[in-house]
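This is the structure I have questions about; it appears just below.
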Amino acid sequence: MKAVILVGGLGTRLRPLTCKTPKPMIPMVNQPFIEWMLLRLREQGVTEVILAVQYLAERFRETLGDGSRLEMKLHIVEEPEPRGTAGAVKNVEHLLDGPTFVLNGDVMTDLDLKAMLDFHREKQAKVTISLTPVEDPTQFGLVEMDRQNRVQRFLEKPRPEDITSDLINAGTYIIEPEIFRYVPPNEFYMFERGLFPVVLQTGDPMYGFPSRAYWTDIGKPQTYIDVHHDVLIGKVKYKFLGRQIADRIWLEGDAEIHPSAQVVGPVVIGPGTVIQRGARVIGPTVLGARCVIGPECNIEGAVLWENNRLDEGVVLRNCVLGKNNVIGERTHITDGAIVSDDCSLGAENRLERGIRIWPGTALGERAISF
Ligand code: GTP
């Protein structure tokens, strides 16, 4: 079985974390998100994957190569210009030869792909769309089906009085390659607004596969943090890279934890990280590789990528730090704030309420404070 993963988006909502790193390559619990997706696909019987790439393609090649490290065959195909979701698959049509999974490269889900494939075969569908229930469907595209789950209608951002279902498109599809004859070549073309409405008109069998599997788009700062929390508290089936050294504390490689420091799980600690005297690290938190958590720092609900140095008394709460940052004494970073890469923040700054710090920023002492 083959799969196409769409990884060509610009990831604008997650900037500045995506300025230098394409969204599917950003770390999820210290592993590139796309790598986790590939391993999960392999576990479910997918052995050949095509990555439809557009932006920072070389970053995918450097990390993933031809896929042999992950024991799968990987094609990294670059689009000449953004083709949209369906146009991107049309661009790799020559590599498809049977029912194919198509996945968004920014969705964290533990959907049972084998069950979805059985459903697709049993229904003799040409297109199967995974569906997930949401509480407030007015922000999404609803999918209406008949009793046999055959798709009848798509409703974009419905008004409350028009809501007849709570099921939305969850961004995982199984598609028979012949369906791509409806997609114009070399054009920007989307699944939701282009191909699927056409398939409704042609009458090719298109079915919805509802599931209560975990499902979240990692593409917004708060959902990126929330997904980490969900993984750490066990809401998603997830294999951690490290070994468990205490109750819900996972360690990758070696780390130094000062005897007076306090670590309360769920916490993942990357290789070579040092937690110094009196520091408190409270889960759900991920510390990347080679971070130094200075004396008396207080960290809770944070996601740190690699090589961050926190000086004494830094407070991090519900925030993200990219890589290679130096954070000065007693600086507080809280409430969804994001510091991207290679920043140097002086002492006693207060970054809160979703503030975003661009790569390479240098801030003096108390430059931002309230
Ligand atoms: P935002 O800019 O933050 O909206 O993110 P995005 O660009 O990733 O867009 P969106 O979340 O709508 O995209 C859904 C999935 O499709 C993501 O995995 C994208 O990488 C992918 N995608 C979107 N547009 C294209 C495209 O033109 N080509 C390819 N190959 N993939 C695309």
Side-chain angles (χ1 to χ4, degrees), residues 2-28 32-38 40-41 49-61 63-64 74-96 100-109 111 129-132 134 139-141 154 156-157 168-175 180 183-196 215-227 320 322 336 338 340 354 356 358:
K2 291 184 184 175
V4 179
I5 310 183
L6 300 167
V7 291
L10 289 176
T12 47
R13 290 166 300 159
L14 206 51
R15 281 182 190 154
L17 292 173
T18 44
C19 288
K20 292 185 172 175
T21 309
K23 185 166 55 172
M25 289 291 296
I26 65 172
M28 179 59 63
F33 180 65
I34 189 74
E35 205 166 294
W36 174 80
M37 276 191 91
L38 291 170
R40 200 178 72 84
L41 284 170
V49 176
I50 300 136
L51 293 189
V53 182
Q54 217 276 313
Y55 156 74
L56 297 173
E58 67 285 359
R59 296 294 309 277
F60 290 96
R61 291 213 177 86
T63 310
L64 301 169
L74 194 65
H75 308 261
I76 298 179
V77 182
E78 221 170 317
E79 275 157 51
E81 69 279 318
R83 290 280 166 83
T85 47
V89 186
K90 178 77 178 174
N91 190 49
V92 300
E93 193 183 14
H94 57 286
L95 295 168
L96 311 182
T100 303
F101 285 111
V102 176
L103 304 104
N104 281 352
D106 59 356
V107 171
M108 168 64 99
T109 176
L111 178 70
I129 303 173
S130 68
L131 305 174
T132 191
V134 288
Q139 299 308 310
F140 299 93
F154 295 99
E156 265 311 307
K157 303 206 170 134
I168 64 157
N169 178 346
T172 299
Y173 316 121
I174 300 175
I175 306 182
F180 288 99
V183 178
N186 309 324
E187 271 184 37
F188 187 92
Y189 206 72
M190 298 294 277
F191 281 118
E192 301 84 344
R193 291 189 294 279
L195 183 61
F196 294 158
W215 176 88
T216 305
D217 163 8
I218 66 160
K220 290 181 262 176
Q222 192 54 51
T223 57
Y224 178 68
I225 298 174
D226 292 344
V227 168
V320 184
I338 292 190
S340 54
R356 301 180 187 204
W358 246 244

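No experiment lies behind these values; they were computed from the predicted model shown. In each ligand, atom 1 is the first atom listed, and ligand 1 is the first ligand listed.
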Measure the distance from atom 28 (N) of ligand 1 to every protein heavy atom, then report the residue, atom name and distance (to 0.1 Å) of the closest one.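 In this structure, atom 28 (N) of ligand 1 has Glu79 OE1, 3.1 Å as its nearest protein heavy atom.
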Which residue and non-hydrogen atom of the protein lie closest to atom 31 (N) of ligand 1, and at what distance in Å?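 Answer for atom 31 (N) of ligand 1: Gly8 N, 3.0 Å.
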Counting only heavy atoms, tell me which of Asn104, Val107, Val102 gets closest to atom 15 (C) of ligand 1.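 When every heavy atom of Asn104, Val107, Val102 is considered, Asn104 comes closest to atom 15 (C) of ligand 1.
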State the atoms of ligand 1, each with its element, that fall below the 4.0 Å cut-off from a heavy-atom position in Gly105.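 Per the distance check, 18 (O).
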Any N or O of Pro82 closer than 3.5 Å to N or O of ligand 1: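 In fact, backbone or side chain, Pro82 has no N or O that close.
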Which of the numbered atoms in ligand 1 are under 4.0 angstrom from any heavy atom belonging to Ala88?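 Those qualifying, in numeric order: 28 (N), 29 (C), 30 (N).
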Show your working on side-chain contact (heavy atoms from CB on, under 4.5 Å) between Thr223 and Met108 and close with a plain yes or no. CA-CA 10 Å; Thr223 57; Met108 168 64 99; over 6 Å; no
Ligand-residue contact atoms, ligand 1 with Arg83, heavy atoms, under 4.0 Å: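 Reading through ligand 1 atom by atom, the close ones are 27 (O).
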If you apply the rule side-chain contact (heavy atoms from CB on, under 4.5 Å), what do you find for Val4 with Val92, and how did you get there? CA-CA 9 Å; Val4 179; Val92 300; 4.2 Å; yes
Side chain Ser130, main chain Thr172, donor-acceptor under 3.5 Å: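 Flag set: sc Ser130 to bb Thr172 pair under 3.5 Å.
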What is the closest protein heavy atom to atom 2 (O) of ligand 1, and at what distance does it sit?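 Protein heavy atom at minimum distance: Thr12 OG1, 2.5 Å.
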Indicate yes or no for a side-chain donor-acceptor contact from Arg40 to the backbone of Leu111 under 3.5 Å, with no hydrogens or angles considered.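 It does hold such a pair.
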Under 3.5 Å donor-acceptor, Thr216 side chain and Val227 backbone: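 Checking the backbone N and O of Val227 against the side chain of Thr216, no donor-acceptor pair under 3.5 Å is found.
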In terms of atom number and element, which parts of ligand 1 are under 4.0 angstrom from non-hydrogen atoms of Thr85?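 Checking each atom against Thr85, I get 16 (O).
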Just heavy atoms, cut-off under 4.0 Å: does Ala52 contact ligand 1 by side chain, backbone, both, or neither?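 Both parts.
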With heavy atoms only and a cut-off of under 4.0 Å, state how Leu6 meets ligand 1: side chain, backbone, both or neither.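 Contact part for Leu6 vs ligand 1: both backbone and side chain.
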Judged by atom type as modelled, is there a donor-acceptor pair below 3.5 Å linking the side chain of Arg356 to the main-chain atoms of Ser340?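 Pair absent, no side-chain N/O of Arg356 close to backbone of Ser340.
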Please write down residue, atom name and distance for the protein heavy atom closest to atom 8 (O) of ligand 1.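 The closest heavy atom on the protein side is Lys23 NZ, 2.9 Å.
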Quick one: which of Gly171, Gly9, Ala86, Gly84 has a heavy atom closest to atom 26 (C) of ligand 1?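 Going through Gly171, Gly9, Ala86, Gly84 one by one, Gly84 has the nearest heavy atom to atom 26 (C) of ligand 1.
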Could you tell me how the ring of Phe196 sits relative to the ring of Phe154: parallel (under 30°), tilted (30 to 60°) or perpendicular (over 60°)?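 Ring orientation, 0 to 90° scale: parallel.
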Ignoring hydrogens and geometry, is there a side-chain-to-backbone donor-acceptor pair from Thr132 to Ala170 under 3.5 Å?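 No, Thr132 side chain to Ala170 backbone: no donor-acceptor pair under 3.5 Å.
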Kindly determine whether Ile50 and Val89 satisfy side-chain contact (heavy atoms from CB on, under 4.5 Å), including the steps that lead there. CA-CA 9 Å; Ile50 300 136; Val89 186; over 6 Å; no
Please indicate, with yes or no, if any protein heavy atom is found under 4.0 Å from atom 12 (O) of ligand 1?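 Given the 4.0 Å limit, the answer for atom 12 (O) of ligand 1 is no, no protein heavy atom qualifies.
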Just to confirm my output: which protein heavy-atom neighbour is closest to atom 4 (O) of ligand 1, and how far is it?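 Result: Arg13 NE, 3.1 Å.
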Taking atom 7 (O) of ligand 1 as the reference point, the nearest protein heavy atom with its distance: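 Going by distance alone, atom 7 (O) of ligand 1 is nearest to Leu10 N, 2.9 Å.
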Examine the proximity of ligand 1 to Gln54 and report which part, side chain or backbone, both or neither, has a heavy atom under 4.0 Å away.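 Neither; nothing of Gln54 gets under 4.0 Å from ligand 1.
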Test of understanding: with side-chain hydrogen bond (donor to acceptor under 3.5 Å, both in side chains), list the residues that count as partners of Glu93, not counting sequence neighbours.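 So Glu93 forms a side-chain hydrogen bond (donor to acceptor under 3.5 Å, both in side chains) with Lys90.
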Residues which pass side-chain contact (heavy atoms from CB on, under 4.5 Å) with Arg193, listed by chain and number, not counting sequence neighbours: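 Result, side-chain contact (heavy atoms from CB on, under 4.5 Å) vs Arg193: Met190.
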